[in-house]
Amino acid sequence: MKRINEKEDTILIDIRTREEYEENNIENSINIPLNNLLFEIDELEEYKEKNVIVYCRSGHRSITACNLLHMEGFNKLYNLEKGIIGL
């Protein structure tokens, strides 16, 4: 798992489709499409108490992803409000 900040163990999750991710993404992000998030949640287990930044194209899917992660016990969630198009 890639981290954007080794010291703070912050990860950046792009929850767009694989095709969207391959077109354009933020460096050091990992791609877990929203449809696969609950199936791949075990891969993120070590980050339950770490900073998790979630983004999509416009910020809508990432809100859903943050809600799902929160229900699974993740506590330090951050939604990139306007998504990748807001950068």
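For clarity, every value in this text was computed on a predicted model and none was experimentally measured. Just the heavy atoms: all of them, side chains too, but no hydrogens, waters or symmetry mates, feed the values below.
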Close side-chain approach of R16 and I84, heavy atoms under 4.5 Å: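 They are in side-chain contact.
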Nearest heavy atoms of C56 and S62, plus distance in Å: SG-N, 3.4 Å
Gap separating the CG atom of N79 from the CZ atom of R61, nearest 0.5 angstrom: 12.0 Å
Hydrophobic cluster membership, M71 vs I63, 4.5 Å side-chain cutoff: no
Joint hydrophobic cluster, I26 plus Y78, side-chain heavy atoms closer than 4.5 Å: yes
Nearest-0.5 Å distance that lies between atom CD1 in I15 and atom CD1 in I13: 9.5 Å
Chi angles and distances behind the side chain to side chain contact (heavy atoms under 4.5 Å, CB included) call for T64, L34: CA-CA 8 Å; T64 301; L34 181 59; 4.2 Å; yes
More than 12 heavy atoms of other groups within 6.0 Å of K48 NZ: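 Enclosed: over 12 neighbouring heavy atoms sit under 6.0 Å from NZ of K48.
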Within 6.0 Å of CD in E81, more than 12 heavy atoms from elsewhere: no
Interatomic spacing from CG in N75 to CG in N51 - rounded to 0.5 Å: 11.0 Å
Y55 side chain vs S29 backbone, donor-acceptor pair below 3.5 Å: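 Flag not set: sc Y55 to bb S29 has no pair under 3.5 Å.
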Approximate separation, where rounding is to 0.5 Å, of E49 CD and D9 CG: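 That separation rounds to 12.0 Å.
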Sub-4.5 Å side-chain heavy-atom contact between L69 and Y47: no
Rounded distance [0.5 Å steps], CD1 in I85 versus CG in N24: 11.5 Å
Shortest non-hydrogen contact from P33 toward R18: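 For P33 and R18, the tightest heavy-atom pair comes out as CG-N, 4.2 Å.
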Single-linkage hydrophobic cluster, 4.5 Å side-chain cutoff, L68 and F39 together: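 Looking at the clustering, F39 is in a separate group from L68.
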Working for side chain to side chain contact (heavy atoms under 4.5 Å, CB included), residues N25 and N31: CA-CA 9 Å; N25 62 71; N31 179 232; over 6 Å; no
SG on C66 to CG on L37, rounded to 0.5 Å: 9.5 Å
Path from L38 to I11 over hydrophobic side-chain contacts below 4.5 Å: yes
